[in-house]
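Note that the coordinates shown come from a computational prediction; the quantities given were computed from them, not determined experimentally.
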Amino acid sequence: MTGPGGPGAMASPHVPWWPLLRLREAPAPRARLLVFPHSGAGPNTLFPLVEPLPGHVEVLGLSLPGRERRFGEPPGCRLDQVLDSVADEVLGRDPLPTVVFGHSLGALLATRAARLLGPHCRAAVVSGQVPGRTPRRAHAATTDQDAVRLLRDGGGTPEWVLHDPDMLAHVTRVLRADLELGREAAAGFADVRLDVPLHVLGGTADPLVPHEPLDGWAGHTTGACQVHRFDGDHFFLLAAEHRPTVVDVLRRALAED
C-alpha cells in the first residue's frame with residue numbers, strides 16, 4: 001500500500017497503465033469498463049468478474065508499477081499520475097460510454113477517475129470501501145509489520161506468498177506504496193460528488209471495511225445509489241457464490257442510459 005518507490009517513482013513509457021484485460025479484444029466495442037484493483041494487486045485479480053461480460057464491452061485494467069507486467073518497476077506513484085494515465089490512455093481512445101469499477105483502493109481511484117471522464121462516464125461500481133470521512137483501517141498502517149497484518153487479516157493472499165520471504169517482502173513494498181496512494185486519494189474525498197448512478201458493494205464480515213457506513217455513499221452522487229451487501233470478508237466479490245451477482249451488477253451498470 002505505500003513504499004520505497006515513493007511518490008516520485010515514474011512508470012516506464014513502454015508499458016501501458018491501461019492494458020486490455022480480456023482474452024479477446026472486442027471487435028466493435030459499444031461500451032467500456034475501467035477496472036481499478038485493490039491495494040497490492042494487479043487488474044488480473046478481478047479477471048473472473050469481467051470475462052463473463054458481453055463481447056461488445058471493452059475492458060481495460062489499471063496496471064500500477066511493481067506488479068504483473070510492470071513487476072520490474074519500483075512500486076509507488078501519485079494520484080495525479082493515475083489520473084494522467086486515464087487522460088492519456090483512456091480518453092485518447094475512441095469515445096465510448098464508460099463504467100468505472102474499483103475494489104478497496106480501486107474504489108477511491110475509480111471515483112476520482114469518474115469525475116475526470118465527465119460525460120463519458122455512465123455509472124460507477126465501488127466495492128470494499130467506506131465513503132466520506134469514515135476512518136479507513138488500512139490507512140493507519142505505517143510499517144511493514146502493519147502491512148503484513150493487513151495481508152493476513154484481509155485474506156486473499158496465497159499462503160505460499162506469506163511464507164516466502166522474498167515474495168512477501170516484494171508484496172509488502174507494493175502494498176505500502178498503494179497505501180500511500182490510497183491516503184492521497186482519500187484526502188478531501190468527503191467533497192467528491194458524481195452525477196451518475198452509483199452501485200456500492202460490501203461484505204458484512206469484512207475485517208477491514210465495516211459495512212454499516214456503506215449507505216453514506218449516496219452522498220457522493222446526485223444520481224441513484226444502490227447498496228448491495230454480501231455475506232463474506234474483504235474479498236467477498238471473488239467468492240464463487242457471489243460472482244454471478246457481482247457480474248450482474250456490472251451488466252446493469254453498463255446498461256445505464
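- Under a 3.5 Å cut-off, the side chain of R193 and the backbone N or O of A190 do form a donor-acceptor pair.
- With sequence neighbours excluded, no residue satisfies side-chain hydrogen bond (donor to acceptor under 3.5 Å, both in side chains) with R22.
- Partners of D144 according to the side-chain hydrogen bond (donor to acceptor under 3.5 Å, both in side chains) rule, which considers only residues two or more places apart in sequence or in another chain, are R176.
- More than 12 non-hydrogen atoms from other residues, nucleotides or ligands lie less than 6.0 angstrom from CG of D80.
- When the ring pair (Phe, Tyr, Trp, His ring centres under 6.0 Å) test is applied to F71, the partners found at least two apart in sequence or on another chain are H170.
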Donor-acceptor pairs under 3.5 Å, side chain of residues 233-244 to any protein atom, not counting sequence neighbours: which ones?
unit_1	atom_1	unit_2	atom_2	d
D233	OD1	F235	N	3.0
H234	ND1	D206	OD1	3.3
H234	ND1	D206	OD2	2.7
H234	NE2	S104	OG	3.1
H242	NE2	D231	O	2.6
R243	NE	L238	O	2.8
R243	NH2	L238	O	3.2

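- Within the structure, ring-ring contact (aromatic ring centres under 6.0 Å, His included) contacts touching residues 77-100 (residues at least two apart or in different chains) do not occur.
- Residue P37 comes nearest to L46 through the heavy atom pair CA-CD1, 4.0 Å, listed as atom of the first residue, atom of the second, then distance.
- In terms of the side-chain hydrogen bond (donor to acceptor under 3.5 Å, both in side chains) criterion, E212 has no residue partners (sequence neighbours excluded).
- For the atom pair CZ of R251 and CG of L53, the computed distance is 6.0 Å after rounding to the nearest 0.5 Å.
- Residues satisfying the side chain to side chain contact (heavy atoms under 4.5 Å, CB included) test with P165, not counting sequence neighbours, are none.
- Within the structure, salt bridge (Lys or Arg N to Asp or Glu O under 4.0 Å) pairs that include any residue of residues 100-112 do not occur (at least two apart or interchain).
- For the salt bridge (Lys or Arg N to Asp or Glu O under 4.0 Å) condition, the pairs that include at least one residue of residues 26-46, sequence neighbours left out, are R32-E58.
- For the residue pair G182 and L108, the shortest heavy atom distance occurs at O-CD1, 3.7 Å.
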Atom pairs and distances, side-chain donor-acceptor, residues 194-203, under 3.5 Å, sequence neighbours left out:
unit_1	atom_1	unit_2	atom_2	d
H199	NE2	E256	OE2	3.0

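- When the side-chain hydrogen bond (donor to acceptor under 3.5 Å, both in side chains) test is applied to D84, no partner is found at least two apart in sequence or on another chain.
- Every pair passing salt bridge (Lys or Arg N to Asp or Glu O under 4.0 Å) that includes a residue from residues 149-164 is listed here, sequence neighbours excluded: R137-D153, D146-R149.
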